[in-house]
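To keep things clear, I will list the structure first and then write my remarks on it.
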Amino acid sequence: MEWIIWALIVVLGGLGLVLPTIDYIKETKVSPYLTLLGTATALVLVLLLTFSRRSGILFDGALRIDTISSYLALIATLGAFLVSLASVTQAKDWSTAPSLYSLLLLALLGVYFILFVNDATVLVAAWALVAVASYVLVGVKKDEASLEATTKYAIMGVASSSLLIFGLAFVLGVTKVTQLAPLTGVPDTYKLTLILGVMALIAAFGFKLGVVPFHGWLPDVYGGAHPLVVSYVSGVIKLISIGAFLRVLMPLIPAIASEWFLILAILSVITMFYGNLAALVQRNVQRMMAYSSIGHAGYFLIAFAALSFNEARTLALQGIGLHVTTYVLAKVGIFVGLAYLARKGVELTLDGMSGIGRKMPLTGTFFSLLLLSLMGMPPLIGFWSKFLYIFYSVVNVAPWLAFLGIVNSGISVGYYAIVIRYLFFAEPPELSIEEGNDPELIVLAITATLGVIIGIGFVGAIASFLS
């Protein structure tokens, strides 16, 4: 396992550091193809790590590998590969393209370290790497909208990082060790300190996940930056928040189980309702998908809340793994699809996308399948991950929370369905648009097809693998 981690460091870190130099020396852009090669190599290495089903502590306690962390790393790598594929045509004319590819690889390496983290010092270093890379990525296009988005992202990110340090200071003061080991109980005199530290860490990780009230940056970043960059920030970098919840906070749950459930359940309800209701009134589809991401952050919090109950923990962890798959496939596919439409001259509003499904039938079909998966339509993967795993995990311990999750899923049908209606049942624009063998269309096909195939026949196998 250590050799695989070293190989990932060499491939992603080495390539990420030298790509701009290679492009400069060769006076031609080879970085897109080297990035594709690098992410494909990483995908093979993480596949080996995942399907070996080995677990253990590496590098003198700095990292810990287990089934769910290696599976999440696999999904992150798949997302990075697909975004790299779409970027071949999307970013070919960007003057900052070499920097884009360098940051894609370095950020992915940072995501791995957070998914595998077992020591607080590694957490801080990896968090800084991913944070700085993501701020620059959002503004790498250097247009006005991207620069505005990256400014807001960076300002809010500084607050998130400060809360991370603040929370770790409290938590490590109680645990007395930097390694993120399970904490079964603390003296009453330290319990308030631990709760304050956990609340600060929830806020820090909640910034990246898009949890209300720490979501302020997300609509402007996801709704204003270039859709290709958003596909990476939303579909890959966002996994650092999932990994941080599992690696840093989950070991602390036994010591504060009742307080944990109450905090997470309240945040979940607020986040779900805010994200889904705000998405209902959007006319800009990219911004609508930004609010949709906030709604899905609320669904993840339901599963995290369920982790405080022993009888619900297995189902909740399976739900997290499955819904990460749903989310990454859908968000990468949808935002790459929006980037594709924008490149074809389509305005990314409901009116601008009117009838595009009839002008571009493959694009419209794949796009709609991804929306249906996020909606939770059977037999797509989104139905299983959301209803039969995340919501079902709290049915016996907090049925009201499962009910509110179902209500919010019903609300989301309103805005997902209206996009599909505009795609296929509104008058098409007078534009001459043709579909070809474009990389973006291939990404749409892969993500939509995987959502169907996994939903039809592999959900049980993945859930069993994660248990």
Side-chain angles (χ1 to χ4, degrees), residues 127 131 134-135 138 148-168 170-171 192 194-225 230 233-234 237-245 248-249 252-253 256 259-282 287-308 323 327 331 390 394 398 400-401 404-405 407-409 411-412 415:
W127 190 271
S134 59
Y135 305 152
V138 169
E148 179 184 350
T150 197
T151 302
K152 294 177 179 178
Y153 192 19
I155 291 172
M156 298 299 284
V158 169
S160 171
S161 299
S162 300
L163 284 168
L164 172 66
I165 302 299
F166 184 73
L168 283 177
F170 274 90
V171 171
L192 179 59
L194 180 63
I195 292 172
L196 289 174
V198 167
M199 289 178 68
L201 291 174
I202 289 173
F205 305 149
F207 270 108
K208 295 296 184 184
L209 189 58
V211 174
V212 177
F214 318 114
H215 68 289
W217 62 275
L218 195 147
D220 293 325
V221 174
Y222 285 18
V230 177
V233 174
S234 175
I237 289 179
K238 197 168 186 175
L239 294 193
I240 67 171
S241 56
I242 306 293
F245 265 95
V248 182
L249 293 175
L252 306 175
I253 294 175
I256 53 166
E259 293 86 355
W260 171 267
F261 177 78
L262 181 62
I263 294 168
L264 269 292
I266 292 172
L267 289 176
S268 171
V269 172
I270 296 171
T271 302
M272 286 188 296
F273 274 103
Y274 178 84
N276 288 316
L277 290 174
L280 272 177
V281 299
Q282 302 301 314
R287 198 167 179 85
M288 182 190 294
M289 292 303 108
Y291 283 104
S292 160
S293 297
I294 295 175
H296 280 269
Y299 303 147
F300 278 114
L301 290 183
I302 293 178
F304 287 129
L307 294 175
S308 58
H323 204 62
Y327 183 86
K331 290 299 178 179
I390 289 182
V394 292
W400 60 271
L401 186 55
L404 291 177
V407 168
N408 272 274
S409 191
I411 294 172
S412 72
Y415 58 86

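What you are looking at is a predicted structure, and each value in this text was computed from that prediction instead of being measured. Any value given below was found using the heavy atoms of this structure, including those in side chains, with hydrogens, waters and symmetry copies removed.
Scanning all heavy atoms of the two residues, the minimum distance from Met272 to Gly405 falls at SD-CA, 3.9 Å. Scanning all heavy atoms of the two residues, the minimum distance from Leu209 to Ser241 falls at CD1-OG, 3.4 Å. Of all non-hydrogen atoms in Ala305 and Ala265, the two that sit nearest each other are CB-N, 4.2 Å. In plain terms, the two heavy atoms of Pro219 and Ile294 that are nearest each other are CG-CD1, 4.2 Å. Taking every heavy atom of both residues into account, Ala204 and Ser160 meet most closely at O-OG, 2.8 Å.
Once rounded to the nearest 0.5 Å, the distance linking CG of Leu218 with NZ of Lys208 reads 10.5 Å. A distance of 13.0 Å separates OG1 of Thr271 from CZ of Phe300, quoted to the nearest 0.5 Å.
Here the side chains of Val230 and Val221 are not in contact, with every heavy-atom distance at 4.5 Å or above. With a 4.5 Å cut-off on side-chain heavy atoms, Leu264 and Phe245 count as touching. The shortest side-chain heavy-atom distance between Ser234 and Met289 does not fall under the 4.5 Å cut-off. With a 4.5 Å cut-off on side-chain heavy atoms, Ser162 and Val158 count as touching. Using a 4.5 Å heavy-atom threshold, the side chains of Ser268 and Val211 count as separate. For the pair Leu194 and Val171, the minimum side-chain heavy-atom distance is below 4.5 Å. Considering only heavy atoms from C-beta on, Phe261 comes within 4.5 Å of Leu401 through its side chain. Leu249 places none of its side-chain heavy atoms less than 4.5 Å from the side chain of Ile253.
By the ring pair (Phe, Tyr, Trp, His ring centres under 6.0 Å) test, Trp217 pairs with Tyr153, Tyr222, sequence neighbours left out. Under the rule for a ring pair (Phe, Tyr, Trp, His ring centres under 6.0 Å), the partners of Tyr274 that lie at least two apart in sequence or sit in another chain are His215. Not counting sequence neighbours, the partners of Ser409 by the side chain to side chain donor-acceptor pair (under 3.5 Å) test are Lys386. Contacts of Ile390 classified as side-chain contact (heavy atoms from CB on, under 4.5 Å), with partners at least two apart in sequence or in another chain: Ile302, Ala303, His323. In this structure Lys331 satisfies the side chain to side chain donor-acceptor pair (under 3.5 Å) test together with Ser292, Ser293, sequence neighbours excluded. A search for ring pair (Phe, Tyr, Trp, His ring centres under 6.0 Å) contacts involving Phe214 returns Phe207, not counting sequence neighbours. Partners of Ile266 by side-chain contact (heavy atoms from CB on, under 4.5 Å), not counting sequence neighbours, listed by chain and number: Leu262, Ile270. Partners of Leu280 under the side-chain contact (heavy atoms from CB on, under 4.5 Å) rule, at least two apart in sequence or in another chain, are Leu277, Ile411, Tyr415.
One N or O on the side chain of Thr150 and one on the backbone of Tyr135 form a donor-acceptor pair closer than 3.5 Å. At distances below 3.5 Å, not a single donor-acceptor pair connects side-chain atoms of Trp127 with backbone N or O atoms of Ile240.
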Determine, stepwise, if the pair Val233 / Lys238 fulfils side chain to side chain contact (heavy atoms under 4.5 Å, CB included). CA-CA 6 Å; Val233 174; Lys238 197 168 186 175; over 6 Å; no

Is there a side chain to side chain contact (heavy atoms under 4.5 Å, CB included) between Phe205 and Leu164 once you walk through the steps? CA-CA 8 Å; Phe205 305 149; Leu164 172 66; 3.6 Å; yes

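Legend: salt bridge (charged side-chain N to carboxylate O under 4.0 Å, His left out) pairs involving residues 260-277, not counting sequence neighbours: none detected. The salt bridge (charged side-chain N to carboxylate O under 4.0 Å, His left out) contacts involving residues 150-167 comprise Glu148-Lys152, Lys152-Asp220, where partners must be two or more places apart or lie in separate chains.
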Enumerate, atom names and distances included, each donor-acceptor pair closer than 3.5 Å involving a side-chain atom of residues 195-202, sequence neighbours excluded.
none

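When the shell of 6.0 Å around CZ of Phe273 is examined, it contains more than 12 heavy atoms from other residues, nucleotides or ligands.
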